[in-house]
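Working notes for the structure below.
Counting begins at 1 with the first residue of the sequence. Please read all numbers here as calculations on a predicted model, not as lab measurements.
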Amino acid sequence: MDKFWLKSYPPNIPAEIDYTQYRSLVHLLEESFRKYANRNAYVCMDKYLTYGEVDELSCKLGAWLQAKGMQKGARVAVMMPNVLQYPIALAAILRAGYVVVNVNPLYTPRELEHQLIDSGAEAIVILENFAHTLEQVIAKTPLKHVLVASMGELMGTLKGTIVNFVVRHIKKLVPPFNLPIAISFKQALSEGSAMTLKPVELNHDDVAFLQYTGGTTGISKGATLLHRNLIANALQAEAWLLPGLEREPKVEQLMILCPLPLYHIFALTACCMLGTRVGAVNVLIPNPRDIPALIKTLAKYPVNMFPAVNTLFNALLNHPDFTQLNFSALRVSVGGGSSVQKVVADRWFKVTGSPIAEGYGLSETSPVVACNLATATEFTNTIGLPFPSTEVVLLDESGHAVPVGQSGEISVRGPQVMAGYWNRPDETAKVMTPDGFFKTGDIGIMDEHGYIRIVDRKKDMILVSGFNVYPNEIEAVVAEHPGVLECACVGVPDEQSGEAVKLFVVRKDSTLTEEQLRAFCREQFTGYKRPKHIEFRDALPKTNIGKILRRELRDDKKAA
């Protein structure tokens, strides 16, 4: 196909990347562990881990996992925020020949149960703060091994004891739990130190991650990401961002802020994988919602790269202390997860001197498909140009490519595109064309220079602070409430989160109150999925075959 957008590439960005330089993701990780052994790799709450320490600790943990007798390709879940144990567990699982199943630690028992059963996970590494959720569902899952980590255990004896005491007893962030088969993360490391990690033959087509997403429907499915997918996207991101990151004056070691959760594909690639490839140090932020604490961290560490979602950029700009920071080290700010608003991008550039390079991607594409140039000085209000080694076409309803300047469904082919949905050939067939293009469900327009602008969403997905919310899931669960006759949910504009969930309900029981429904939703959904607005109606608009018209609800001026 004619990649006419390559004419818009600066001379220092290659048209293609070569992911075959690495046999597997493990090959990439281990090369960096050796090459940058004495460099700091991660810092969290002022405690550093070097690449050499990540190498050593992941070796021990990997050996421990292998000793449990799991076969190559077994799935191991990781349910933690951004703490030091995360990159250790990630490397250990991959080096042992297993598949990482990333789990949002804020999941409700129902959501966790579905993911553990669907993935067939045999083991889990979980932060103790969330172990009570696991306790409620573990009997229904295939789990055989549980490793429980604590916030302080890798911080050193004195600091670790203080951190754990504060987390457990002052802030009371660890609800009581009972998991008889669990052992501590630290104990597994101790036992693993007497074992040897056996090298596993891995190649490009082996599965590395199951990254759960609703895809184009509300059923949570695992995007099957192969070793080549993650290698390719890390190398594509490196080729794309380095011209911006290497601007004068050059820094000896890049420092990347990691406020987005590593269980989210954006941070996994842009922070963890890219950071490892270039020998950067990642500043891990366990709780990015604590804006004052995040600003204190930024005052301490001269970060060069700042990947975030629009809502986080906006929250920082609205805090008075943020403008007092020194931004001289900041080279590149990357916006993703949801649309970056022009007003936010303009303010960010004014305050920091660093433009936001907005990108676009999905879990199914590891994630980045397109991005604005890291050296640009103006906000383009587009998602930029397709990445190296990436083909993008816009397709009409009949699957034909539309001419430049016309709208069509953004469809992607490249080495970062998933193998399919885990054990869901029917769902995979819905999104993959016979010639290998992944249909994203987003409607876009590409201009004559190759820049893409998203104009609409084919699917009814709601984007809350960069996280996908699928109406099908919300409606299916709410409909189970005995007082609900029928319901529908749509996204409505929201200043804080970009969009918010609005729920429309027809009551079966006239005594059902909004507070009762909210209490039900708190039990069933993690925070970002919970309806922010609830409206009771006598009836919902429907087609002549009885299908609820969400678009009509969305377009209803009263709905907003």
Side-chain angles (χ1 to χ4, degrees), residues 40 42-48 81-83 171 241 244-245 247 249 251 253-262 264 266-267 270-271 274-275 280-359 371-372 374-381 463-467 493-500 527-528:
N40 289 319
Y42 296 92
V43 58
C44 183
M45 296 162 68
D46 300 325
K47 167 66 178 172
Y48 283 93
N82 292 358
V83 290
K171 295 188 176 178
L241 296 174
L245 291 169
R247 279 185 297 130
V251 292
Q253 183 185 15
L254 289 170
M255 185 168 275
I256 301 174
L257 188 76
C258 192
L260 302 173
L262 287 167
H264 193 284
F266 183 13
C271 300
L274 174 61
V281 57
N282 264 290
V283 183
L284 299 180
I285 308 296
N287 179 18
R289 290 180 190 82
D290 187 345
I291 298 297
L294 178 52
I295 290 171
K296 279 182 190 163
T297 302
L298 284 167
K300 229 180 274 183
Y301 300 103
V303 298
N304 312 118
M305 179 170 146
F306 196 131
V309 291
N310 185 78
T311 45
L312 183 57
F313 288 130
N314 195 35
L316 286 165
L317 287 167
N318 288 326
H319 195 287
D321 294 347
F322 183 69
T323 55
Q324 308 307 308
L325 296 172
N326 178 355
F327 299 102
S328 58
L330 187 57
R331 299 284 186 275
V332 175
S333 302
V334 184
S338 62
S339 294
V340 176
Q341 296 164 338
K342 188 178 187 308
V343 64
V344 173
D346 290 346
R347 279 183 70 201
W348 185 265
F349 185 48
K350 192 176 173 186
V351 171
T352 69
S354 165
I356 296 175
E358 183 174 3
C371 192
N372 281 276
T375 49
T377 53
E378 287 185 6
F379 186 67
T380 67
N381 227 6
L463 209 51
V464 180
S465 298
F467 287 92
D494 186 87
E495 278 185 16
Q496 275 78 43
S497 56
E499 279 188 299
Y528 67 88

Can you see which heavy atom on [X] is nearest to which on [Y], and at what distance?
X      : Y      : value
Ala374 : Ala357 : CA-CB, 4.5 Å
Pro355 : Phe349 : N-CD1, 3.4 Å
Phe266 : Leu260 : CD2-CD1, 3.3 Å
Cys258 : Ala267 : SG-CB, 4.3 Å

Flag side-chain contact, heavy atom, 4.5 Å: [X] against [Y]:
X      : Y      : answer
Leu294 : Asp290 : no
Arg331 : Val251 : yes
Lys296 : Asp321 : no
Leu284 : Val83  : no
Ile256 : Val303 : no
Leu257 : Met305 : no
Pro286 : Cys44  : yes
Leu312 : Arg289 : no

[atom1]/[X] to [atom2]/[Y] distance, rounded to the nearest 0.5 angstrom?
X      : Y      : atom1 : atom2 : answer
Ile291 : Leu317 : CD1   : CG    : 10.0 Å
His319 : Leu325 : NE2   : CG    : 10.0 Å
Asn318 : Arg347 : CG    : CZ    : 4.5 Å

May I ask you to decide if [Y]'s main-chain N or O and [X]'s side chain share a donor-acceptor pair within less than 3.5 Å?
X      : Y      : answer
Ser497 : Asp494 : no
Asn314 : Asn310 : no
Gln341 : Gly498 : no
Asn304 : Leu330 : no
Asn282 : Val43  : no
Arg247 : Gly244 : yes
Glu499 : Pro493 : no

Applying salt bridge (Lys or Arg N to Asp or Glu O under 4.0 Å), run through Lys300 and Asp46 and close with a yes or a no. CA-CA 9 Å; Lys300 229 180 274 183; Asp46 300 325; 3.1 Å; yes
Before you tell me yes or no, could you show the steps for Thr297 and Ile285 under side-chain contact (heavy atoms from CB on, under 4.5 Å), namely the whole-Å CA-CA distance, both residues' side-chain angles and the distance that decides it to 0.1 Å? CA-CA 9 Å; Thr297 302; Ile285 308 296; 3.8 Å; yes
Sequence neighbours excluded, the answer for ring pair (Phe, Tyr, Trp, His ring centres under 6.0 Å) partners of Phe306 is Phe313, Trp348
Ring pair (Phe, Tyr, Trp, His ring centres under 6.0 Å) involving Tyr528 - partner list, sequence neighbours excluded: Phe467
Cationic N near anionic O, under 4.0 Å, Lys342 to Asp346: yes
Pair Asn372, Glu358: side-chain N/O donor-acceptor within cut-off below 3.5 Å: no
Test log, rule side-chain contact (heavy atoms from CB on, under 4.5 Å), inputs Phe379 and Val340: CA-CA 10 Å; Phe379 186 67; Val340 176; 3.9 Å; yes
Output all residues satisfying side chain to side chain donor-acceptor pair (under 3.5 Å) with Tyr48, sequence neighbours left out; order by chain, then residue number. none
